[in-house]
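The structure appears right after this line, and notes come after that.
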Amino acid sequence: MKQNMMKIGLIGCGAIGARICSAIDNKLVDAQLVAVYDRSAERCERLLGSLNNRPEILSPGELIFRADLVIECASTAAVREYGLSVLESGKDLMVLSAGAFADSGLLERFISAAAANRCKIYIPSGAIAGIDGLKSASIAHIDRVMITTTKNPEGLKGAPYIVKNNIDLESFHEKTLLFEGSADDAIAAFPANINVAVSLGIAGTGTKNTQVRVFVDPQATSNIHEISVEGDFGRFTCRVENVPSPDNPRTSFLAALSAIATLKKIAEPLQIGT
Ligand SMILES: NC(=O)C1=CN([C@@H]2O[C@H](COP(=O)(O)OP(=O)(O)OC[C@H]3O[C@@H](n4cnc5c(N)ncnc54)[C@H](O)[C@@H]3O)[C@@H](O)[C@H]2O)C=CC1
Ligand SMILES: O=C([O-])CC(=O)C(=O)O
């Protein structure tokens, strides 16, 4: 083991966490997985069972102490529970549940803590493409950012918006618009489905100014995200047809891959893309 290899602690042993751990285990990333934590002990044990090089299962406090970089891939609640302690301990933080930052006050506190403690916050592109272009375009004026997300009923089940409005997802026979609003409102309505809208807001013109549409489509076999951006640079659109994770149909496979790609970017000398 290299002495200066990045030490990783991971919070959230679900669909994304398992993929990230497997990538480190298979040496796709030049890093050492030192510890994992999940509020479900069974999830931790199941994950460890799939790895050759087993990390320790530690409490969040011990995990933060041992790691150089803590990856949150659990929930927006977990970002609020552990994120600030990570940064105040001078450790880098990777956040997958970017929806937590729809609370711009929370993001500001995190940025101040990171600056004061000379550490970084990484938000991977997640299940979308286009963040690189949006970041470049945002150096000049942006007129409009919109994301249209289409998932099948299985991928939207249990979302607060669906439950609160008594929407029977099985009753739709064709593609139907369920929700239209800002990224702020979208993440409150679909906290586990539309983190990507908040990431777009942070990269572009803010979550209040980022427009979101959510469709349900019983025929959809992929999680589709279509992004359109207009501004001084011109316009671009991009569409990703994501393979859902087998363990969690709400979550696209690409989200885990983007976290792994971000780890590679941190660990490797070459930086490509915006
Ligand atoms: N940025 C993006 O593009 C995307 C972000 N996500 C978000 O990433 C996160 C992880 O996604 P998945 O792995 O698919 O979820 P998952 O449901 O498969 O796994 C999450 C795990 O975290 C654990 N957990 C949740 N809250 C916790 C807490 N407060 N403390 C400790 N453990 C906790 C759960 O027990 C579970 O084992 C979710 O918040 C999800 O909404 C998901 C897809 C795309
Ligand atoms: O994985 C996806 O397709 C997007 C997602 O759930 C999210 O952004 O929360």
Side-chain angles (χ1 to χ4, degrees), residues 9-22 35-48 57-61 63-64 70-83 85-86 94-102 122-131 147-152 154-161 183 186-203 207 210 212 214-215 220-227 239-262:
L10 179 133
I11 298 177
C13 301
I16 294 180
R19 292 278 183 181
I20 296 172
C21 292
S22 161
V36 297
Y37 170 73
D38 194 296
R39 64 183 173 198
S40 154
E42 188 243 319
R43 286 277 182 116
C44 287
E45 293 295 349
R46 196 182 341 145
L47 174 57
L48 257 59
I57 300 173
L58 296 179
S59 68
L63 177 148
I64 294 167
V70 175
I71 303 176
E72 173 286 323
C73 46
S75 58
T76 52
V79 178
R80 287 188 290 272
E81 281 168 64
Y82 316 118
S85 334
V86 172
M94 185 185 294
V95 172
L96 270 299
S97 307
F101 296 140
Y122 300 99
I123 305 176
S125 300
I128 52 173
I131 294 262
I147 175 165
T148 303
T149 290
T150 306
K151 293 194 177 185
N152 79 10
E154 210 40 47
L156 294 166
K157 245 187 205 164
Y161 184 82
I187 193 69
F190 299 95
N193 302 95
I194 199 84
N195 287 278
V196 288
V198 174
S199 303
L200 276 178
I202 295 168
T207 47
T210 302
V212 180
V214 178
F215 284 85
T221 51
S222 52
N223 294 331
I224 303 167
H225 299 294
E226 293 162 283
I227 287 144
R239 174 184 162 99
V240 186
E241 296 180 18
N242 278 304
V243 174
S245 297
D247 297 341
N248 182 352
R250 286 187 298 271
T251 288
S252 304
F253 179 33
L254 188 66
L257 297 179
S258 88
I260 297 163
T262 303

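Just the heavy atoms: all of them, side chains too, but no hydrogens, waters or symmetry mates, feed the values below. Being a predicted model, the structure only gives us computed values, none of them experimental. Note that ligands are numbered from 1 as they come in the structure, with each ligand's atoms numbered from 1 the same way.
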Check: What part of I194 sits under 4.0 Å from ligand 2 if we count only heavy atoms: the side chain, the backbone, both or neither?
Finding: backbone

Checklist line | Residue N195 vicinity, atoms of ligand 2 by number, heavy atom under 4.0 Å | finding: 7 (C), 8 (O), 9 (O)

Checklist line | Numbering as shown, the atoms of ligand 2 that approach K151 to under 4.0 Å (heavy-atom distance) | finding: 2 (C), 3 (O), 4 (C), 5 (C), 6 (O)

Next item on the list: Can you sort out which atoms of ligand 2 are near H225, meaning under 4.0 Å from one of its heavy atoms?
Entry: 2 (C), 3 (O), 4 (C)

Check: For ligand 1, which atoms have a heavy atom of G126 less than 4.0 angstrom away?
Finding: 2 (C), 3 (O)

Item checked: Minimum-distance protein heavy atom relative to atom 22 (O) of ligand 1 -> A74 CA, 3.3 Å

Notebook entry, point to check: What's the shortest heavy-atom distance between A102 and V198, and which atoms?
Noted result: N-CG1, 3.7 Å

Notebook entry, point to check: If you count the atoms of ligand 1 from 1 in the order shown, which ones are under 4.0 Å from a heavy atom of A255?
Noted result: 43 (C), 44 (C)

Notebook entry, point to check: How far is atom 31 (C) of ligand 1 from its nearest protein heavy atom, and which residue and atom is that?
Noted result: R39 N, 3.3 Å

Margin query: Just to confirm my output: which protein heavy-atom neighbour is closest to atom 15 (O) of ligand 1, and how far is it?
Written below: N248 ND2, 3.5 Å

Check: Considering only the protein, which heavy-atom contact is closest to atom 1 (N) of ligand 1, and what is its distance?
Finding: L96 O, 2.9 Å

Margin query: Closer than 3.5 angstrom, by distance alone: can the side chain of S245 be matched with the main-chain N or O of T251 as a donor-acceptor pair?
Written below: yes

Margin query: Under 4.0 Å from a heavy atom of E81: which atoms of ligand 1 are those, numbered in the order shown and with their elements?
Written below: 29 (N)

Note to self: By the definition side-chain contact (heavy atoms from CB on, under 4.5 Å), identify the one residue from L48, I57, L47 that meets it with C13.
What the structure shows: L47

Note to self: Heavy atom to atom 8 (O) of ligand 1, shortest distance: which of I128, N195, I16, I123 holds it?
What the structure shows: I16

Check: For V196, is at least one N or O under 3.5 Å away from an N or O on ligand 2?
Finding: yes

Item checked: For atom 19 (O) of ligand 1, closest protein heavy-atom neighbour -> G14 CA, 3.2 Å

Check: Which protein non-hydrogen atom lies closest to atom 5 (C) of ligand 2, naming both residue and atom, and how far is it?
Finding: N193 O, 3.2 Å

Next item on the list: Specify the protein heavy atom at minimum distance from atom 42 (C) of ligand 1: its residue, its atom name, and the distance to 0.1 Å.
Entry: T251 OG1, 3.4 Å

Next item on the list: For S252, counting its heavy atoms only, list the atoms of ligand 2 lying under 4.0 Å from any of them.
Entry: 1 (O), 2 (C), 3 (O)

Item checked: Sole residue of V212, I227, N195, T207 in side-chain contact (heavy atoms from CB on, under 4.5 Å) with L200 -> I227

Notebook entry, point to check: Which residue holds the protein heavy atom closest to atom 21 (C) of ligand 1, what is that atom called, and what is the gap in Å?
Noted result: D38 OD2, 3.5 Å

Margin query: I'd like to check which ligand 1 atoms, numbered from 1 as shown, lie under 4.0 Å from a non-hydrogen atom of A192.
Written below: 41 (O)

Checklist line | ligand 2 to A127 polar contact by distance, N or O atoms, under 3.5 Å | finding: no

Next item on the list: Quick one: look at A15 and ligand 1, take heavy-atom pairs under 4.0 Å, and tell me if it's side chain, backbone, both or neither.
Entry: both

Margin query: Within the 4.0 Å heavy-atom shell around S75, which atoms of ligand 1 are there?
Written below: 25 (C), 26 (N), 27 (C), 29 (N), 39 (O)

Check: Can you list the ligand 2 atoms lying under 4.0 Å from a non-hydrogen atom of T251?
Finding: 1 (O)

Margin query: Please check whether R250 reaches ligand 2 - meaning an N/O of the residue sits under 3.5 Å from an N/O of the ligand, judged on distance alone.
Written below: yes

Notebook entry, point to check: Quick one: which ligand 1 atoms are inside 4.0 Å of a heavy atom on A78?
Noted result: 28 (C), 29 (N)

Notebook entry, point to check: Quick one: which ligand 1 atoms are inside 4.0 Å of a heavy atom on Y37?
Noted result: 31 (C)

Margin query: Checking a contact table here: which protein heavy atom is nearest atom 10 (C) of ligand 1, and how many Å away?
Written below: C73 O, 3.3 Å

Note to self: I'd like to check T149 versus I194 (side-chain heavy atoms, cut-off strictly below 4.5 Å). Are they in contact?
What the structure shows: yes

Next item on the list: Please confirm whether S97 comes within less than 3.5 Å of ligand 1 when only nitrogen or oxygen atoms on both sides are compared.
Entry: yes

Note to self: Check for me whether A192 has a heavy atom closer than 4.0 Å to any atom of ligand 2.
What the structure shows: yes

